[in-house]
Amino acid sequence: LAIKDMAGLLKPQAAKMLVGAIREEFPNLPIHVHTHDTAGTGVASMLACAHAGADAVDAACDAMSGTTSQPTLGALVGSTTGTELDTGLDLAQIQSLNEYWEECRGLYAPFESGQKTGSSDVYHHEMPGGQYTNLLFQSTQLGLTGQWSKVKEAYATANRLLGDIIKVTPSSKVTGDLAQFIVANDLTEQEVIDKAEDLSFPKSVIEYFQGYLGIPPFGFPEPLRSRVLKGRTIEGTDGLTCFEGRPGAQLSPYDFEAARGKLTEKWGGEADHAVRDVDILSHAMYPAVFDEYMQFKHEFGHLSFLDTRTFLSGMKVDQELAVNIEPGKQLVIKLIAVSEPDRDGMVTLQFELNGTPRMVQVQDKSAGTEKVSRPKALLSVDGSVGAPMPGVVIETKVKKGDKVTKGQPLLSLSAMKMETSVTAPVSGTVKHVEVTNGEQIEAGDLLVDIEEN
């Protein structure tokens, strides 16, 4: 039996009661406990589980442990050495391994979330450890800098609105998307319920209520679900508003060979191997991510031979780098100079390749960019449709002169893996579409003007 405490809510006494009760009822059942150390009680809780009869508990190497990761391995091993729970692991050897991971973690420092300490408020918001740091970064990217405490409180609110659901990928993402939506639009719990028919919820929230993740153990909360789904149908079905039971049971069989043919036609010439089964599975589950990965390989080639620091941070002027591209073949690269961007945003790089001078020009995508000032939606005008959150326009579905009905999708926005379908708040005629595909917008920017009928 695996007990997965993804938010680290299992306190020592509760852990002792839970594992002890299971062990008493099932004396021969293997019990494995997994937790996160967000509140800082992970070591104490795992020791309590062990004393109560757990056979295995998860821990992380010291350099990678604590906060939203797992409890520290060294502490667990040291605490049980010489007792009836002695793990048999050598603490000195564990420390040698830890030295490697300390250095390795330093290479990935730019990706650290910035979290410095534990946070016992997890007992209130119940955010899974794996999501905590991701959401902290996403909130900053969505323009919610300085509002992390509000996002955490909104997470608890979102959890209640969704029916106090089991929060693990992907249901935790639904909760996080709704929490950020609540903060970005300055909504209260009651306002979400009262205005649900008119709000442009994130796509993940709508799909949750449509049953894409299945049916929650205690059912969907009403009247919120009915209001969110009013006038909506599931794309690709004959007017179905919600899946009944397991949604996968209603899917048609996936044609693997047809997918292989399409991928071979699109990417076959870009790979150093034929389309593999793993490529087909990757595309089936994450088509956009797979295409982005293949496009990256098409543009830059294979970069697996670069060391981690160079891949993440690039080279500095006068730095020399030895690259083994295949057995017996080494390239020595030295960066000589980097010019300022010209008026077209092109930067000239001067370098040596095995002692031979070379020069290449690359586009500096940050050069010459100016912040576009956009008109804001008028809150007092129902037909003035504003962006509910910052993001990128990925699809516009209407044009000037189109007749639209209340609740009809107007365009789709995407930001930090969160997609939002913006719908018409009123019925009428589209006077103007202010944005086009690929444009970056901020919360409140005018997207579409609708003249009410």
Side-chain angles (χ1 to χ4, degrees), residues 1-99 101-102 105 112-136 148-149 152-153 155-156 159 164 166-169 172:
L1 173 70
I3 301 173
K4 295 194 71 175
D5 177 27
M6 301 308 291
L9 303 179
L10 198 58
K11 302 170 187 174
Q13 186 61 27
K16 180 180 177 182
M17 292 174 61
L18 175 63
V19 175
I22 296 173
R23 175 56 68 223
E24 183 177 355
E25 185 71 20
F26 303 99
N28 299 316
L29 176 69
I31 301 175
H32 184 166
V33 186
H34 174 92
T35 191
H36 291 253
D37 200 21
T38 307
T41 54
V43 171
S45 295
M46 293 305 96
L47 288 173
C49 288
H51 284 290
D55 298 283
V57 299
D58 287 345
C61 199
D62 297 5
M64 310 294 280
S65 68
T67 60
T68 56
S69 181
Q70 279 66 56
T72 166
L73 175 63
L76 286 171
V77 171
S79 298
T80 56
T81 299
T83 72
E84 70 277 7
L85 296 175
D86 197 317
T87 63
L89 297 175
D90 187 331
L91 197 57
Q93 292 186 354
I94 289 176
Q95 291 309 317
S96 296
L97 188 63
N98 186 56
E99 289 173 5
W101 285 111
E102 279 184 335
R105 183 168 180 171
E112 293 277 1
S113 67
Q115 185 186 14
K116 303 296 184 184
T117 64
S119 179
S120 59
D121 60 358
V122 68
Y123 295 130
H124 170 61
H125 56 69
E126 301 181 0
M127 194 181 299
Q131 184 183 26
Y132 191 101
T133 48
N134 288 341
L135 203 59
L136 177 58
W148 177 234
S149 60
K152 290 192 288 185
E153 182 61 40
Y155 193 94
N159 180 47
D164 193 14
I166 298 169
K167 291 171 288 299
V168 65
T169 307
S172 56

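From a predicted model like this one, the values you see are computed outputs, not experimental measurements.
Partners of T81 by side chain to side chain contact (heavy atoms under 4.5 Å, CB included), not counting sequence neighbours, listed by chain and number: V77, D86. In this structure, the side chain to side chain donor-acceptor pair (under 3.5 Å) partners of E112, at least two apart in sequence or on a different chain, are R105. Not a single ring pair (Phe, Tyr, Trp, His ring centres under 6.0 Å) links W101 to another residue, sequence neighbours left out. Shown here are the side chain to side chain contact (heavy atoms under 4.5 Å, CB included) partners of A50, two or more places apart in sequence or in another chain: L85. With sequence neighbours excluded, the residues satisfying side chain to side chain donor-acceptor pair (under 3.5 Å) with T72 are D62. Residues satisfying the side chain to side chain contact (heavy atoms under 4.5 Å, CB included) criterion with T133, sequence neighbours excluded, are T68, S113, Q115. The side chain to side chain donor-acceptor pair (under 3.5 Å) check on N159 picks up D164, K167, with sequence neighbours excluded. Partners of K16 by salt bridge (Lys or Arg N to Asp or Glu O under 4.0 Å), not counting sequence neighbours: none found. Remark: A44 pairs with P12 by the side chain to side chain contact (heavy atoms under 4.5 Å, CB included) rule, at least two apart or across chains.
Within the structure, ring-ring contact (aromatic ring centres under 6.0 Å, His included) pairs that include any residue of residues 36-63 comprise H34-H36 (at least two apart or interchain). Contacts classified as salt bridge (charged side-chain N to carboxylate O under 4.0 Å, His left out) and involving residues 47-58 (residues at least two apart or in different chains) are given here: R23-D55. Listed by first then second residue, pairs satisfying side chain to side chain donor-acceptor pair (under 3.5 Å) with a partner in residues 40-49 read T41-Y123, not counting sequence neighbours.
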